[in-house]
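Model, not experiment: these values are computed from the prediction.
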Amino acid sequence: MLGNAKVATRLPAKDLNRARAFYSEKLGLEPIEERAGGLRYVCAGGEFAIFISAGMQAHTHTQMGWEVEDIEVTVRELRARGVAFEEYDLPGLKTVEGIAEIAGN
């Protein structure tokens, strides 16, 4: 039922100006809509919104991902903009140069 549905992610932020700066300066994205307390972005295959929240951000796991043509080139470009990539060597998850190696993927 949901497999063919468009996905729209909602991300909390304590500081919208700081979030906007990150998405603009680091990821090269600009909001297409701005409302009191929120920003909305649209990418080719979906959209996401950032909303003001006084609660804790869920920064301990991936909140959003993109499917790109060339992941190595994309990671290099993001690193050049100052985006940090974590390295993991855990059962079921190993990264090399910030890119997860997933069996069968």
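The side chain to side chain donor-acceptor pair (under 3.5 Å) contacts involving residues 75-85 comprise nothing, where partners must be two or more places apart or lie in separate chains. Residue pairs meeting the side chain to side chain donor-acceptor pair (under 3.5 Å) criterion with at least one member in residues 84-96, sequence neighbours excluded: E87-T95. Each ring-ring contact (aromatic ring centres under 6.0 Å, His included) pair with one or both residues in residues 12-36, not counting sequence neighbours, appears once here: Y23-Y41, Y23-F48.
With a 4.5 Å cut-off between side-chain heavy atoms of Ile, Leu, Val, Met, Phe, Trp and Tyr, the cluster of V96 takes in none. Hydrophobic clustering, defined by side-chain heavy atoms of Ile, Leu, Val, Met, Phe, Trp and Tyr closer than 4.5 Å, leaves F51 isolated from every other such residue.
Residues satisfying the side-chain hydrogen bond (donor to acceptor under 3.5 Å, both in side chains) test with R40, not counting sequence neighbours, are E33, E47. Applying the side-chain hydrogen bond (donor to acceptor under 3.5 Å, both in side chains) criterion to E72, with sequence neighbours excluded, gives no partner residue. Contacts of E30 classified as salt bridge (charged side-chain N to carboxylate O under 4.0 Å, His left out), with partners at least two apart in sequence or in another chain: none. Residues forming a side chain to side chain contact (heavy atoms under 4.5 Å, CB included) with V68 (at least two apart in sequence, or on another chain): W66, I71, T74.
Taking all atoms of both residues into account, the shortest heavy-atom contact from G37 to L16 is C-CD1, 3.4 Å.
Distance check, rounded to the nearest 0.5 Å: SG of C43 to CD1 of I32 gives 10.0 Å. Here L11 contributes atom CG and I50 contributes atom CD1; the two are 6.0 Å apart, rounded to the nearest 0.5 Å. Atoms CG and CG, on N17 and L39 in that order, are 8.5 Å from each other to the nearest 0.5 Å.
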